[in-house]
Structures are given as C-alpha cells and as structure tokens.
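Right, one structure below, let's go through it.
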Amino acid sequence: MNCAVCGSPLLFDRVVFHCSCGVFVHAYCWDKHVLQAHKPAFEVGTVDLNSEFKVKESKVEEEASDKQVTPSIE
Ligand SMILES: [Zn+2]
Ligand SMILES: [Zn+2]
C-alpha cells in the first residue's frame with residue numbers, strides 16, 4: 001500500500017493516517033493531503049502584540065495552479 005501523497009510505500013512500523021475520504025497517508029504527509037485534497041478554507045495573516053489577527057491575503061489556495069510559465073523564444 002502506498003501513500004496517497006508522495007506515492008512511497010507505507011511502512012508497517014510507522015504511523016499511518018487513514019483519512020475520512022478513504023486514503024492512507026504518512027503522518028508527515030498528512031497536512032499536504034488535507035491541503036491538496038480537501039482544501040480547507042483559511043486566511044493568511046499576522047498576529048500583532050494584542051493578539052489581533054490581521055488578514056494579509058484572502059486567496060491563497062489557487063496560488064500558481066493555473067499560471068503557466070511560457071519561456072519566450074526569440
Ligand atoms: Zn507519504
Ligand atoms: Zn482525505
């Protein structure tokens with residue numbers, strides 16, 4: 001059985017996460033799987049000294065997925 005994130009075999013003596021969506025991933029691949037497969041809503045920002053959260057950007061999830069880098073050939 002292989003990890004759904006990195007594709008490497010799951011080892012019997014290592015911790016394996018069984019997600020509610022049915023896949024098995026390494027413990028260290030867990031956050032990647034959640035981000036890639038389930039895309040939880042979140043905001044990126046900073047916390048100041050008064051513990052106030054300030055949003056920096058609201059859209060992060062669609063980062064560079066549809067940006068295509070086409071090298072210009074001249
Ligand atoms: Zn993995
Ligand atoms: Zn999942």
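Note that this is a predicted model, so its numbers are computed, not measured. Order of listing sets the numbers, starting from 1, for every ligand and every atom in it. Positions are given from 1, in the same order as the sequence printed here.
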*Measuring from Lys54:NZ to Lys56:NZ, what's the distance to the nearest 0.5 Å?*
12.5 Å
*asked:* So which atom in Phe53 and which in Val47 form the shortest heavy-atom distance, rounded to 0.1 Å?
replied: CD1-CG2, 4.0 Å
_For the student: nearest non-hydrogen atoms of Pro40 and Leu35, plus distance_ = CD-CA, 4.1 Å
_For the Zn ion (ligand 2): protein N/O/S atoms at distances below 2.8 Å_ = 4
_Counterpart residues, side-chain contact (heavy atoms from CB on, under 4.5 Å), relative to Phe12 (two or more places apart)_ = none
*To the nearest 10°, what's the angle at the Zn ion (ligand 1) between atoms SG (Cys29) and SG (Cys6)?*
110°
*For the Zn ion (ligand 1), what is the closest N, O or S atom on His26?*
ND1
_Side-chain hydrophobic cluster, 4.5 Å single linkage: members besides Leu49_ = none
Side-chain donor/acceptor pairs under 3.5 Å, residues 21-34, sequence neighbours excluded:
unit_1, atom_1, unit_2, atom_2, d
His26, NE2, Pro9, O, 3.3
His33, NE2, His38, NE2, 3.1

_Same cluster or not: Met1 versus Leu11, using hydrophobic residues (I, L, V, M, F, W, Y) connected whenever any side-chain heavy atoms lie under 4.5 Å apart?_
no
